[in-house]
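Owing to the predicted nature of the structure, the values given are computational and were not obtained by experimental measurement. FYI, the numbering just counts along the sequence from 1.
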Amino acid sequence: MWTDRKMIKKDSIIADMPDTRVKIRIIIALGIINILLAASYFVLTHYAVKNVQVDGNKHYSAEEIKSMIMTGYFGDNSLYLSMKYKNKDIEGIPFVETMDVVVQSNDTIRINVYEKALAGYVQYLGRYMYFDNEGVVVEASKVATKGIPQVVGLDIDHVVLHEKLPVENNVIFQNILTITKLLNKYNVLCDKMQFDSNFNVTLGYEGVKVNIGALENLDEKLMQLPQILPSLEGRRGTLDLQNYTSDRKSITFEGEK
């Protein structure tokens, strides 16, 4: 009788062993899940982006650039962004040559924007057709970009994206580039750049027109604008610099009545 009881007890222990193994596996699985949850929480909170610096953007606002880069569920996580954009430029965005993302710290990133070099734009069929310094139309938009002048006076009968503007004399594009560089140099970017049939140029600043005339002594003429334009703010008329030289400082302003 004693032997039978002993055997029954042994069989009971053997029967309980699978339940014990299942419990151990469940405990291990729960432990792994807790570790993964803790690690996920650390990554999500410690690497959450709080500071974003955007450099080089003109056409797009900082918020628009951020919305292009920081996309997806982990779009605000610096660790994810560093892996997503490591050694990779962002392309295929209108007006932008490339962009790259630099993770400066766990909660701070810098987005560097390298925009396409645009010399100006012409209006065609309700669109703003932006061209580079060789006259090639690189973008078409319904929005005008501040800091890029509208160029008028060109005899154009058609415009094709990614092709050069059909003008009689391609020297005009080099002239536009020269003027744009000097305007950037003196921080007096204009709204409009108008050429006549002899390539004389007039710059537009809201209500003020600046008659530059021929491109001789261009640097000397344009360097006067930072001192003159602030005094003409709110006024309308024509500032005449076409006869200005270093020897003959001829500057007149004729206001509109």
Side-chain angles (χ1 to χ4, degrees), residues 29-151 159-163 177 180-181 183-185 187-191 206:
L30 290 174
I32 292 173
I33 291 173
N34 286 332
I35 291 172
L36 291 175
L37 288 173
S40 299
Y41 178 79
F42 174 79
V43 169
L44 289 173
T45 55
H46 185 69
Y47 292 96
V49 175
K50 298 177 182 177
N51 306 301
V52 181
Q53 179 182 347
V54 181
D55 293 330
N57 58 307
K58 291 182 180 179
H59 184 83
Y60 298 106
S61 68
E63 290 300 319
E64 287 175 319
I65 294 295
K66 287 161 60 176
S67 68
M68 296 174 190
I69 299 300
M70 303 172 68
T71 59
Y73 184 74
F74 295 102
D76 61 348
N77 187 274
S78 63
L79 187 62
Y80 169 77
L81 292 172
S82 67
M83 293 186 293
K84 182 178 180 180
Y85 296 115
K86 184 177 182 180
N87 299 323
K88 179 184 176 183
D89 291 331
I90 302 95
E91 300 177 342
I93 299 174
F95 295 98
V96 174
E97 195 71 39
T98 61
M99 288 193 289
D100 61 54
V101 179
V102 179
V103 178
Q104 297 182 308
S105 67
N106 60 297
D107 64 352
T108 303
I109 65 171
R110 186 179 74 249
I111 303 173
N112 296 316
V113 182
Y114 304 94
E115 295 191 346
K116 292 178 180 178
L118 303 175
Y121 71 86
V122 295
Q123 285 188 274
Y124 184 75
L125 297 179
R127 294 286 184 121
Y128 301 100
M129 311 298 289
Y130 291 86
F131 58 89
D132 62 16
N133 54 15
E134 294 182 349
V136 176
V137 180
V138 295
E139 294 293 348
S141 175
K142 293 182 178 180
V143 180
T145 300
K146 189 175 182 179
I148 301 175
Q150 177 187 5
V151 178
V159 179
V160 179
L161 191 61
H162 305 309
E163 292 186 9
L177 178 61
T180 302
K181 284 183 176 180
L183 294 178
N184 273 286
K185 175 182 176 181
N187 196 26
V188 285
L189 294 173
C190 64
D191 304 315
E206 295 184 353

Point-to-point distance, once rounded to the nearest 0.5 Å, from [atom1] of [X] to [atom2] of [Y]:
{"X": "H162", "Y": "F131", "atom1": "NE2", "atom2": "CZ", "result": "16.0 Å"}
{"X": "D132", "Y": "E139", "atom1": "CG", "atom2": "CD", "result": "11.0 Å"}
{"X": "T98", "Y": "K116", "atom1": "OG1", "atom2": "NZ", "result": "11.0 Å"}
{"X": "R110", "Y": "N51", "atom1": "CZ", "atom2": "CG", "result": "13.5 Å"}
{"X": "Y60", "Y": "M68", "atom1": "OH", "atom2": "CE", "result": "4.5 Å"}
{"X": "N77", "Y": "M83", "atom1": "CG", "atom2": "CE", "result": "7.5 Å"}

- Message: Contact between Y47 and S82 at the side-chain level, heavy atoms closer than 4.5 Å - yes or no?
- Response: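 Answer no - side chains too far apart.
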- Does the side chain of D107 reach to within under 4.5 Å of the side chain of V49, using non-hydrogen atoms?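 Result no, sub-4.5 Å side-chain heavy-atom pair not found.
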Minimum heavy-atom distance [X]-[Y], with the two atoms named:
{"X": "V159", "Y": "M129", "result": "CG1-CE, 3.7 Å"}
{"X": "Y80", "Y": "T71", "result": "CE2-O, 4.3 Å"}
{"X": "A140", "Y": "L161", "result": "N-CD1, 4.0 Å"}
{"X": "M99", "Y": "I111", "result": "SD-CG2, 4.3 Å"}
{"X": "V137", "Y": "V160", "result": "CB-O, 3.7 Å"}
{"X": "E64", "Y": "S61", "result": "OE1-N, 2.8 Å"}

- Query: Can you say whether the rings of Y121 and Y128 are parallel (under 30°), tilted (30 to 60°) or perpendicular (over 60°)?
  - Reply: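 Perpendicular: the ring planes of Y121 and Y128 meet at over 60°.
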- Anything under 30° is parallel, anything over 60° is perpendicular, the rest tilted; go ahead and classify Y130 against H59.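 Ring orientation of Y130 relative to H59: perpendicular.
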- Message: Apply side chain to side chain contact (heavy atoms under 4.5 Å, CB included) to residues E115 and E97 and explain how you reach the verdict.
- Response: CA-CA 5 Å; E115 295 191 346; E97 195 71 39; over 6 Å; no
- Query: Just by modelled atom types, is the E206 backbone N or O under 3.5 Å from a matching donor or acceptor in the D191 side chain?
  - Reply: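 The answer is yes, because a donor-acceptor pair under 3.5 Å joins these two groups.
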- Message: Let's go through L118 and T145 carefully: what are the C-alpha distance in whole Å and the side-chain angles of both, what is the deciding distance for side chain to side chain contact (heavy atoms under 4.5 Å, CB included) to 0.1 Å, and is it a yes or a no?
- Response: CA-CA 10 Å; L118 303 175; T145 300; 5.8 Å; no
- Query: Is there a side chain to side chain contact (heavy atoms under 4.5 Å, CB included) between V101 and K84 once you walk through the steps?
  - Reply: CA-CA 9 Å; V101 179; K84 182 178 180 180; over 6 Å; no
